[in-house]
Amino acid sequence: QVQFVESGGGSVQPGGSLRLTCAGSGFQLSVEIMTWQSQPPGTAREWVATLAPGGATFYNNSVKGRFTVSRDDGKNTMYLQMNSLKPKSTAMYYCKKNGSTTWGPGTQITVSS
């Protein structure tokens with residue numbers, strides 16, 4: 001059974017940093033196309049970043065240069081390092097396996113002064 005558990009969210013001031021973690025189970029994360037998605041309050045989910053099996057990464061222009069996606073194959077875990085956070089980054093963040101309809105509980109990021 002494919003499952004994801006996101007963690008690492010919290011409250012931070014503008015310009016701060018957080019690292020999100022996505023722990024996968026029921027599948028091998030390293031051979032899948034994995035994405036991070038965010039859902040700001042009152043809006044639809046939107047794509048943030050993609051990590052391909054070969055290690056290629058792709059980012060939404062709004063986060064390019066500030067966010068970095070990576071993984072630890074030994075831990076079957078993916079990360080999202082978020083730097084220079086802005087108030088508009090406030091959202092629930094989710095990880096997802098491409099082609100899966102399963103969603104984890106997400107983790108909340110709040111950026112405010």
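Positions are given from 1 along the sequence.
Counting only heavy atoms from C-beta outward, the side chains of M78 and F4 never approach each other to under 4.5 Å. At least one side-chain heavy atom of M82 sits under 4.5 Å from a side-chain heavy atom of L20. E46 is listed as a side-chain neighbour of P40, based on a closest heavy-atom distance under 4.5 Å. In this structure, L29 and E32 have side chains that are not in contact, with every pair of non-hydrogen atoms separated by 4.5 Å or more. The shortest side-chain heavy-atom distance between S89 and R66 falls under the 4.5 Å cut-off. M92 places a side-chain heavy atom less than 4.5 Å from the side chain of Y94.
Residues near I33 contribute nothing to a hydrophobic cluster around it, because no ILVMFWY side-chain heavy atom sits closer than 4.5 Å to its side chain.
E6 contributes a side-chain N or O that, together with a main-chain N or O of C95, makes up a donor-acceptor pair within less than 3.5 Å. Side chain of N76 to main chain of G24: a donor-acceptor pair is present (N/O by atom type, distance under 3.5 Å, no hydrogens or angles).
When the side chains of ILVMFWY residues are joined at heavy-atom separations under 4.5 Å, either directly or via intervening members, V2 and W36 end up in a single hydrophobic cluster. Both V12 and Y93 sit in one connected hydrophobic cluster of ILVMFWY residues. Membership requires side-chain heavy atoms under 4.5 Å apart, directly or through other members.
Residues K97 and M34 come closest through the heavy atom pair CA-SD, 3.7 Å.
Atoms OG and CZ, on S7 and R19 in that order, are 9.0 Å from each other to the nearest 0.5 Å. To the nearest 0.5 Å, atom OG1 of residue T43 and atom CZ of residue R45 are 10.5 Å apart.
Among residues two or more places apart in sequence or in another chain, the side-chain contact (heavy atoms from CB on, under 4.5 Å) test is passed with S17 by Q81, N83. By the side-chain hydrogen bond (donor to acceptor under 3.5 Å, both in side chains) test, Q39 is found to be paired with no residue, residues two or more places apart in sequence or in another chain being considered. In this structure, D72 has no salt bridge (charged side-chain N to carboxylate O under 4.0 Å, His left out) partners at least two apart in sequence or on a different chain.
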Name the atoms and distances for all side-chain donor-acceptor pairs under 3.5 Å in residues 99-113, with sequence neighbours left out.
unit_1: S100; atom_1: OG; unit_2: T102; atom_2: N; d: 3.0
unit_1: T107; atom_1: OG1; unit_2: G9; atom_2: N; d: 2.9
unit_1: Q108; atom_1: NE2; unit_2: A91; atom_2: O; d: 3.4

Do any side-chain atoms of residues 51-61 form donor-acceptor pairs under 3.5 angstrom with protein atoms, and if so which ones, sequence neighbours left out?
unit_1: Y59; atom_1: OH; unit_2: V69; atom_2: N; d: 2.9
unit_1: N60; atom_1: OD1; unit_2: S62; atom_2: N; d: 2.9
unit_1: N60; atom_1: OD1; unit_2: S62; atom_2: OG; d: 2.9
unit_1: N60; atom_1: ND2; unit_2: W47; atom_2: O; d: 3.0
unit_1: N61; atom_1: OD1; unit_2: K64; atom_2: NZ; d: 3.0

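Remark: R71 is not positioned above the aromatic ring of Y79, lacking an NZ or CZ atom under 6.0 angstrom from the ring centre and at most 45 degrees off the axis.
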Using side chain to side chain contact (heavy atoms under 4.5 Å, CB included), reason through L18 and L85 one step at a time and then give a plain yes or no.
CA-CA 8 Å; L18 286 171; L85 282 162; 4.2 Å; yes
